[in-house]
Amino acid sequence: MKGFCTYIVLPLYLLLTLATISVHGQGTSVGFYKITCPQVESIVSKTVQSHFSSDPSIAPGLLRMHFHDCFVQGCDASILIAGRNTEKTAGPNLLLRGYDVIDDAKKQLEAACPGVVSCADILALAARDSVVATRGASWQVPTGRRDGRVSLDSDTSNLASFTDSIDVQKQKFSAKGLDTKDLVALVGAHTIGTSACQFFRYRLYNFTTTGPDSTIDPSFLPRLQALCPPNGDGSRRVSLDTDSQNRFDTSFFTNLRNGRGILESDQKLWTDTSTQPFVQRFEGPIRGLLGLRFDFEFGNSMVKMSNIEVKTGTQGEIRSVCSAIN
């Protein structure tokens, strides 16, 4: 743990100010629509909450959609474009959900402020509101993104995979300007949501010549095997954060420490020496072991991620319908 025992605590208002300042130079800013569409955040928030009240699974769905959008062509809503060979049709995106939430919000915003609010900004706001809906902390979302005109399934190869090593995960995040702390914080989004058996069942049986993945808690293994038998339904959903799939909290990191990570790539965050300290520091109901607040760090990393390769100014367009280029 050497090197992680000293930290400086800054007032929250100063940290938020610094976070806001850091994104202005990239063409986005908090309150971008203050004059042109002041009700944008209220409309998106109410829309997310309305859909969430009838289907809580849209919260992790919208978060994942935002991640997948930002890592391909930047945060430009290219994930939303429908059609053959678009990002939406690529393997990693086939199970994404929440498109109807974005379409609903866009329809309302077009009625209130025609041609003003981008689909990319709606998605960024909806991701934040999904965390709030699951009792997570809020953060200020810089807006001002414009929508992209290109969406190709062939561009999705750099999306994170459930079998990625930590080195590969760090390389993919580093290529987008995100560091190791960002990686661990953003993977912490798995505190809500589920995964299908087909994406981790291989860990439960013949992972090695000696049997199951040895990093799985032996007392937890039978529970997973009962949920995902060898020849069972590969589409069956299992909580990524055991016993806490609908609440945005830090129990995900506790589960990693206890060998109860569901995805291989998640559990590696604990077994790798470069990421384990961050898992330890994020763990805990209020503060991590050595003073890192997961809720704040997650919001800060989301702001960084949501500014990946954004289109602003005269770049791109403001789509009238999120699923189609104008």
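These numbers come from the heavy atoms of this one structure, side chains and all, not from hydrogens, waters or symmetry mates.
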When rounded to the nearest 0.5 angstrom, what is the spacing between [atom1] in [X] and [atom2] in [Y]?
X	Y	atom1	atom2	result
I58	R97	CD1	CZ	8.5 Å
L96	F67	CG	CZ	11.5 Å
L159	S161	CG	OG	9.5 Å
C70	N307	SG	CG	8.5 Å
S118	F32	OG	CZ	8.0 Å

Do you know which two heavy atoms are closest between [X] and [Y], and how far apart they sit?
X	Y	result
D147	A120	OD1-N, 2.8 Å
P92	T156	CD-OG1, 4.4 Å
Q39	A112	NE2-CB, 3.7 Å
P218	P222	O-CD, 3.2 Å
T143	G31	OG1-N, 4.4 Å
I102	A126	CD1-CB, 3.9 Å

Heavy-atom distance under 4.5 Å between the side chains of [X] and [Y], does that happen here?
X	Y	answer
D55	H51	no
T242	I262	yes
L240	L263	yes
I192	N246	no
F52	S130	no
T47	Q108	yes
I81	K88	no
D249	D241	yes

ring-ring contact (aromatic ring centres under 6.0 Å, His included) contacts touching [range] (sequence neighbours left out):
range	value
residues 248-274	F248-F294, F248-F298, F253-F282, F253-F294
residues 157-192	F71-F173, F162-F199
residues 93-136	none

Residue list, side-chain hydrogen bond (donor to acceptor under 3.5 Å, both in side chains) with [X], at least two apart or on another chain:
X	answer
R236	none
Y202	E264
S42	none
R247	none

Heavy-atom donor-acceptor pair, [X] side chain to [Y] backbone, under 3.5 Å:
X	Y	result
R257	V279	no
Q276	L269	no
T86	A82	no
R149	G316	yes
T191	G188	no
N93	A90	no
E283	S251	no
Q140	V30	no
R128	W139	yes
E317	N326	yes

Using the rule given for side-chain contact (heavy atoms from CB on, under 4.5 Å), can you reason through H66 versus M305, listing the C-alpha separation, both sets of side-chain angles and the distance that settles it, and then say yes or no? CA-CA 9 Å; H66 186 41; M305 186 192 75; 3.6 Å; yes
For [Y], is there an ion pair with [X] - N to carboxylate O distance below 4.0 angstrom?
X	Y	answer
K106	D100	no
E309	K176	yes
R146	D76	no
D164	K268	no
R293	D295	yes

*For the residue pair S274 and K170, confirm or rule out a side-chain donor-acceptor distance under 3.5 Å.*
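Yes, a side-chain donor-acceptor pair sits under 3.5 Å.
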Original post:
Do Q73 and S78 have a side chain donor and acceptor closer than 3.5 Å?
Top reply: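 No.
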- Query: What's the verdict on side-chain contact (heavy atoms from CB on, under 4.5 Å) for V101 and V44, showing C-alpha distance, side-chain angles and the deciding distance?
  - Reply: CA-CA 9 Å; V101 183; V44 174; over 6 Å; no
| request: Linking directly or through intermediates, with side-chain heavy atoms under 4.5 Å: list the remaining ILVMFWY members grouped with L94, chain and number order. | output: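 Taking Ile, Leu, Val, Met, Phe, Trp and Tyr as members, L94 stands alone, with no cluster partners.
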Could you work out the complete set of other residues in the hydrophobic cluster of V150, with links drawn between I, L, V, M, F, W and Y side chains under 4.5 Å apart?
->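 Listed partners: L152.
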Could you pull out all donor-acceptor pairs under 3.5 Å where a side-chain atom in residues 226-233 meets a protein atom, sequence neighbours excluded?
unit_1 : atom_1 : unit_2 : atom_2 : d
D233   : OD1    : S235   : N      : 3.0
D233   : OD1    : S235   : OG     : 2.6
D233   : OD2    : S235   : OG     : 3.2

Can you list the steps and then say if S306 with R145 is a side-chain hydrogen bond (donor to acceptor under 3.5 Å, both in side chains)?
-> CA-CA 9 Å; S306 70; R145 300 166 191 78; 3.0 Å; yes
Checklist line | Check against side-chain contact (heavy atoms from CB on, under 4.5 Å), L186 and S301 | finding: CA-CA 7 Å; L186 292 171; S301 293; 3.9 Å; yes
With disulfide bond (SG atoms under 2.5 Å apart) as the rule and sequence neighbours excluded, what pairs involving residues 109-172 come up?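 Passing the test, one end in residues 109-172: C37-C113, C119-C322.
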Taking salt bridge (Lys or Arg N to Asp or Glu O under 4.0 Å) as the test, write out the residues that go with R203, two or more places apart.
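R203 satisfies salt bridge (Lys or Arg N to Asp or Glu O under 4.0 Å) with D213 once adjacent residues are dropped.
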Would I79 and V72 satisfy side-chain contact (heavy atoms from CB on, under 4.5 Å), going step by step from the backbone distance to the final call?
CA-CA 8 Å; I79 186 67; V72 181; over 6 Å; no
Note to self: I need the single residue from T215, N255, D217, T254 that forms a side-chain hydrogen bond (donor to acceptor under 3.5 Å, both in side chains) with R260. Which is it?
What the structure shows: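 In the set T215, N255, D217, T254, the residue that makes a side-chain hydrogen bond (donor to acceptor under 3.5 Å, both in side chains) with R260 is D217.
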